[in-house]
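Before any comments, here is the structure.
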Amino acid sequence: QVQLVESGGGLVQAGGSLRLSCAASGRTFSVNGMGWFRQARGKQRELVAAISMISLITYYTDSVKGRFTISRDTAKITLFLQMNSLKPEDTAVYYCASSKGGRSIVPMTSYDWWGPGTQVTVSS
């Protein structure tokens, strides 16, 4: 089992920045990939960004490219999401997730463990 806890969410004005963190604990040696997902009210959960903990290959959904940056601290098994130039449409609950094994970091079905989520609200 891997436990994930997100932090860093909050209320920010459009154009502002936030940095999300996700601390992992437990059987973290089994973690191969980590990602940030978000779910806006009334919408499906979607992948925002993901990173392979081994190859460092990253993925970003088109709507956040150039604005969000995913990174990780291998020693502490911590995942970050730097979010700049935030827009009201970025408002959602953001979830950290991790996967084991050699799966692709893109499909939601690749992820085994999830954090409880942190709310990000961007006002216009």
Side-chain angles (χ1 to χ4, degrees):
Q1 288 283 349
V2 174
Q3 293 78 43
L4 303 170
V5 179
E6 304 95 340
S7 61
L11 173 64
V12 64
Q13 288 187 332
S17 298
L18 282 174
R19 188 188 195 213
L20 303 183
S21 299
C22 173
S25 60
R27 299 174 64 88
T28 57
F29 60 85
S30 63
V31 172
N32 177 61
M34 296 189 76
W36 288 100
F37 290 77
R38 67 185 178 187
Q39 187 166 19
R41 184 171 298 180
K43 294 187 178 181
Q44 290 187 331
R45 191 172 299 189
E46 63 170 347
L47 176 62
V48 176
I51 185 168
S52 167
M53 303 299 275
I54 299 173
S55 68
L56 301 185
I57 291 174
T58 58
Y59 166 89
Y60 295 93
T61 193
D62 286 345
S63 63
V64 307
K65 286 180 180 177
R67 301 189 298 123
F68 291 11
T69 303
I70 191 170
S71 61
R72 94 281 184 265
D73 179 333
T74 304
K76 297 182 179 180
I77 313 297
T78 305
L79 186 70
F80 304 99
L81 185 67
Q82 178 66 44
M83 306 186 293
N84 299 327
S85 302
L86 283 161
K87 304 175 181 180
E89 50 264 43
D90 294 318
T91 295
V93 177
Y94 283 70
Y95 299 91
C96 172
S98 64
S99 69
K100 59 185 178 182
R103 307 169 191 165
S104 168
I105 57 174
V106 176
M108 190 180 302
T109 53
S110 293
Y111 291 85
D112 303 283
W113 303 287
W114 295 80
T118 185
Q119 176 71 46
V120 171
T121 303
V122 184
S123 62
S124 57

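Values reported hereafter were calculated over all heavy atoms of this structure, with side chains retained and with hydrogens, waters and symmetry mates removed. Positions are given from 1 along the sequence.
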Look up atom [atom1] in [X] and atom [atom2] in [Y], then write down how far apart they are to the nearest 0.5 Å.
{"X": "Met34", "Y": "Ser52", "atom1": "CE", "atom2": "OG", "answer": "12.0 Å"}
{"X": "Ser17", "Y": "Phe68", "atom1": "OG", "atom2": "CZ", "answer": "9.5 Å"}
{"X": "Trp36", "Y": "Leu20", "atom1": "CH2", "atom2": "CG", "answer": "4.5 Å"}
{"X": "Leu79", "Y": "Ser71", "atom1": "CG", "atom2": "OG", "answer": "7.0 Å"}
{"X": "Gln119", "Y": "Leu11", "atom1": "CD", "atom2": "CG", "answer": "9.5 Å"}
{"X": "Ser63", "Y": "Lys87", "atom1": "OG", "atom2": "NZ", "answer": "7.5 Å"}

Examine [X] and [Y] and state if one hydrophobic cluster contains both, with Ile, Leu, Val, Met, Phe, Trp and Tyr joined whenever side-chain heavy atoms are less than 4.5 Å apart.
{"X": "Val122", "Y": "Tyr95", "result": "no"}
{"X": "Val12", "Y": "Val64", "result": "yes"}
{"X": "Ile51", "Y": "Trp113", "result": "yes"}
{"X": "Leu4", "Y": "Leu18", "result": "yes"}
{"X": "Ile70", "Y": "Leu56", "result": "yes"}

Discussion item. Do Asp90 and Met83 make a side-chain contact, defined as non-hydrogen atoms from C-beta onward lying under 4.5 Å apart?
Written reply: no
Backbone N/O of [Y] and side chain of [X]: donor-acceptor pair under 3.5 Å:
{"X": "Thr28", "Y": "Ser25", "result": "no"}
{"X": "Ser110", "Y": "Ile105", "result": "no"}
{"X": "Arg38", "Y": "Ala92", "result": "no"}
{"X": "Ser30", "Y": "Arg27", "result": "yes"}
{"X": "Gln82", "Y": "Thr69", "result": "no"}
{"X": "Glu6", "Y": "Cys22", "result": "no"}

Worksheet item: Parallel, tilted or perpendicular: which fits the ring planes of Trp114 and Phe37, with parallel below 30° and perpendicular above 60°?
Response: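 If you compare the ring of Trp114 with that of Phe37, the planes turn out tilted.
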Item to complete: Report the C-alpha separation of Val2 and Ile77 in whole Å, then their side-chain angles, then the decisive distance to 0.1 Å, and conclude whether the side chain to side chain contact (heavy atoms under 4.5 Å, CB included) test is met.
Response: CA-CA 11 Å; Val2 174; Ile77 313 297; over 6 Å; no
Which pair of non-hydrogen atoms, one from [X] and one from [Y], has the smallest distance, and what is that distance?
{"X": "Tyr60", "Y": "Ala49", "result": "CD2-CB, 3.6 Å"}
{"X": "Gly33", "Y": "Tyr111", "result": "O-CE2, 4.3 Å"}
{"X": "Arg72", "Y": "Met53", "result": "CG-CE, 3.6 Å"}

Worksheet item: Would Asp112 and Arg103 pass as an ion pair if we require N to O under 4.0 Å?
Response: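 The answer is yes: the pair qualifies as a salt bridge.
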Worksheet item: Under a 4.0 Å N-O cut-off, is there an ion pair linking Lys65 with Asp62?
Response: yes
Worksheet item: What's the verdict on side chain to side chain contact (heavy atoms under 4.5 Å, CB included) for Thr61 and Leu47, showing C-alpha distance, side-chain angles and the deciding distance?
Response: CA-CA 7 Å; Thr61 193; Leu47 176 62; over 6 Å; no
